[in-house]
Amino acid sequence: MNSGIILLAHGSRKNGANEVIEQLMEMVKGDFGTDKVNYAFLQFSNPTLQEAIKEQVEAGVQEVTIVPVFLFNGIHISEDIPEIIEQEKKNYPSLKLLAAEALGMDRRIAEIVKERVQEVRKG
């Protein structure tokens, strides 16, 4: 099955802030066994999730996994994203849309916090 992945970030109005998700996409692109990895923003920026899904469909993808790059399971995770996914399932009934869990709390994130504290204390 031709599959794709969308990294979904919140989005920011601040110039340059949204480049982080593009950098993350480039870092993980080769790890999935698919060439179709893109990103989207929930607010304030483009492409939107709907636009990214359309791009995947136009590329011939049959299954899309959406990965919310969020730490908190707030309203976007519990309501907004599922609503968009349900609507997009109606728009593309033959497309299989999967939603991964948000990044959330993970020991690896705690390790990054530890590294950042050590870095700043050394400087």
Side-chain angles (χ1 to χ4, degrees):
M1 178 179 288
N2 193 2
S3 63
I5 295 162
I6 298 172
L7 302 178
L8 178 61
H10 186 275
S12 174
R13 291 182 184 113
K14 183 179 177 188
N15 287 339
N18 295 320
E19 293 173 7
V20 171
I21 196 70
E22 186 175 353
Q23 293 168 358
L24 178 62
M25 179 194 71
E26 292 300 327
M27 288 179 187
V28 300
K29 206 178 217 179
D31 297 338
F32 294 112
T34 180
D35 290 333
K36 195 58 194 160
V37 179
N38 59 351
Y39 58 88
F41 300 102
L42 199 56
Q43 295 181 321
F44 308 123
S45 301
N46 291 318
T48 64
L49 181 54
Q50 295 91 329
E51 291 168 341
I53 290 169
K54 181 180 180 188
E55 182 181 327
Q56 294 267 352
V57 169
E58 289 174 351
V61 169
Q62 299 162 318
E63 176 183 282
V64 176
T65 302
I66 299 163
V67 181
V69 183
F70 287 70
L71 288 180
F72 308 104
N73 287 325
I75 196 97
H76 291 315
I77 298 297
S78 64
E79 294 181 21
D80 299 338
I81 296 169
E83 286 174 10
I84 293 169
I85 290 172
E86 285 308 309
Q87 182 57 50
E88 292 303 298
K89 285 180 178 179
K90 292 174 187 170
N91 293 338
Y92 305 103
S94 62
L95 179 66
K96 185 174 183 181
L97 280 171
L98 306 169
E101 293 291 322
L103 296 183
M105 177 62 320
D106 186 293
R107 188 77 195 137
R108 292 167 288 185
I109 294 171
E111 290 300 318
I112 294 169
V113 170
K114 182 178 166 184
E115 287 175 21
R116 294 296 186 260
V117 169
Q118 291 171 343
E119 288 168 1
V120 75
R121 286 183 176 172
K122 287 180 185 176

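Residue Glu63 holds its CD atom at 9.5 Å from CD1 of Ile5, rounded to the nearest 0.5 Å. One distance of note links OG1 of Thr48 with CD of Gln43; it measures 12.0 Å at 0.5 Å rounding. Note that OG1 of Thr65 is 8.5 Å distant from NZ of Lys96, once rounded to the nearest 0.5 Å. Between the NZ atom in Lys36 and the CD atom in Glu58 there is a gap of 9.5 Å [rounded to 0.5 Å]. Within the model, atoms CG of Leu8 and CD1 of Ile77 stand 7.0 Å from one another, a figure rounded to the nearest 0.5 Å.
With respect to Glu111 and Arg108, no salt bridge is recorded, no charged nitrogen being found less than 4.0 Å from a carboxylate O. In this structure, Glu88 does not pair ionically with Lys54, as no charged nitrogen and carboxylate oxygen lie closer than 4.0 Å.
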Legend entry - Chi angles and distances behind the salt bridge (Lys or Arg N to Asp or Glu O under 4.0 Å) call for Glu26, Lys29: CA-CA 5 Å; Glu26 292 300 327; Lys29 206 178 217 179; 3.6 Å; yes

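Screening Asn91, Ile85, Ile66 against Ile53 for a side-chain contact (heavy atoms from CB on, under 4.5 Å) leaves a single residue, Ile66. Among Phe44, Phe72, Tyr39, the single residue meeting the ring pair (Phe, Tyr, Trp, His ring centres under 6.0 Å) criterion with His10 is Phe44.
Enclosure of atom CD in Glu51 by more than 12 non-hydrogen atoms of other residues, nucleotides or ligands within 6.0 angstrom is indicated. At most 12 non-hydrogen atoms from other residues, nucleotides or ligands lie less than 6.0 angstrom from CG of Asn15.
Judged purely by atom type and a 3.5 angstrom limit, Ser45 uses its side chain to pair as donor or acceptor with the backbone of Ser12. The backbone N or O of Asn2 lies less than 3.5 Å from a partner atom in the side chain of Gln62, making a donor-acceptor pair.
Contact detail for Met105 and Ala110: the closest heavy-atom pair is CE-N, 4.4 Å.
Counting heavy atoms from C-beta on, the side chains of Glu22 and Asn18 never come closer than 4.5 Å.
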